[in-house]
Amino acid sequence: MTTNFENYVLPTYSRQPISFVEGRNALLIDSEGKEYIDFAAGIAVCSVGHGNERLSKAICDQVSKLTHVSNLYYIQPQGECAKKIVELSGYAMKCFFGNSGAEANEGAIKIARKFGEVDGEPKRYKIITLENSFHGRTITALKATGQESMHNYFGPFPDGFVYAKSIDEIESLIDEHTVAVMIELVQGEGGVQPLDRTKVQALATMLKSRNILLMVDEVQTGIYRTGEFLASNLYDIEPDVITLAKGLGGGVPIGVVMTNRLDIFSPGDHGSTFGGNYLSCAAANEVLDILEAIKMSGELDEMLLYFEKAVETFAQKHPAIFLDHVGLGLMRGLRVNNAETLGKIINAARDEGVIVLKAGRNTLRFLPPLTITKSDIDEGFDRLEKAMGNL
Ligand SMILES: *Cc1c(COP(=O)(O)O)cnc(C)c1O
């Protein structure tokens, strides 16, 4: 089966030798019938777990009526979804719908470019991002990604991206052409690294005073991943542009860019064939209802603390291997003493029946479904403990 796969699919990923056939919340079953605890959730996508009954019913009900018409008509679930997102965020913004994180970030970059074009002289177009960031795989999102190692082969790139080594360096890089700063509040792919809250707040104030847009890439941190609806809520800042994707559709592709520049786009400025269709918005609406309820009931906050403690206890049992515990909410990482050991841990974990991820060079990453239960958390860490014994 795997041989056949490689004959037809381009090898852009180094894939693990498993294929899953079924799931139930934080459990996954592979084609051999083996069961796994899923601490990865499809890289923060399966926010309400696998096989969620409410989500699958909402999707089935919708697609049995309508799956797609174009954005030349009023798609009611899209309007509802935008309303929910705006209300949950607490920001006076409007939304544009696409299909992925990279597409959402492309929208953010277009908003910045148009803002810089229409907002006086000289024309402004430069966007400052961080060196250790990740913003997606399209040519422009890749250029916005500050990791030079990812820029091999694909140039020439669009101009106007400037990389800051850290948040402290951003102000010194601003010039008369700077229109926006784009950051992740917790750098996901970069190593589950949260930015300092006080520094982010100071940055937000400074940018506002200089009429430079603050754009927050919440593709991974958004949709309750850090415990609040948005990490921006947790950091208590008011960004000008926010992007969302991963956890929003519970597995159905969807991306959103939202902005407080309510009049930035006119008809024809931007678009997306599939963006915001009946399927993806029905899914997102149900996901948001499910997650809002577990946030309101206190269940999410309880699980978040429980998971954090489980990671900490696990790390403390292996002080020679795990050097640091990083992250926020249900987005957590352990810095491993070396990259080779990290690879071994991920493989041993898989053999014991628990799915974990890598981030950056040396971070063991946990992104469980937000609906995970205490017993699945306990079982997952028991299995991880066994895996450590097999290294
Ligand atoms: C995953 C991710 C992206 C890219 O999203 P895609 O849906 O793969 O295009 C962009 N930004 C951040 C912060 C991400 O974690």
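Counting convention: from 1, in listed order, for ligands and their atoms alike.
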Let me have the donor-acceptor pairs involving side chains of residues 155-169, under 3.5 Å, with sequence neighbours excluded, atom names and distances please.
unit_1: Y163; atom_1: OH; unit_2: K143; atom_2: O; d: 2.4
unit_1: S166; atom_1: OG; unit_2: D168; atom_2: N; d: 3.2
unit_1: D168; atom_1: OD1; unit_2: K199; atom_2: NZ; d: 3.2
unit_1: D168; atom_1: OD2; unit_2: K199; atom_2: NZ; d: 3.3
unit_1: E169; atom_1: OE1; unit_2: K165; atom_2: N; d: 2.6

message = Can you list everything that forms a side chain to side chain donor-acceptor pair (under 3.5 Å) with S232? Sequence neighbours excluded, please.
response = E218
remark   = Applying side chain to side chain donor-acceptor pair (under 3.5 Å) to K83 and not counting sequence neighbours gives E87
inquiry  = So that I can tick it off, tell me whether R24 and E35 are bridged by a salt bridge, with the cut-off set at under 4.0 angstrom between side-chain N and carboxylate O.
reply    = no
remark   = Output for ligand 1, non-hydrogen cut-off under 4.0 Å, lists S100, G101, A102, N105, F134, H135, G136, E184, D217, V219, Q220, K246
request  = Could you tell me how the ring of Y125 sits relative to the ring of H177: parallel (under 30°), tilted (30 to 60°) or perpendicular (over 60°)?
outcome  = tilted
request  = State, without any angle test, whether D378 and Y306 hold a side-chain donor-acceptor pair at a distance under 3.5 Å.
outcome  = yes
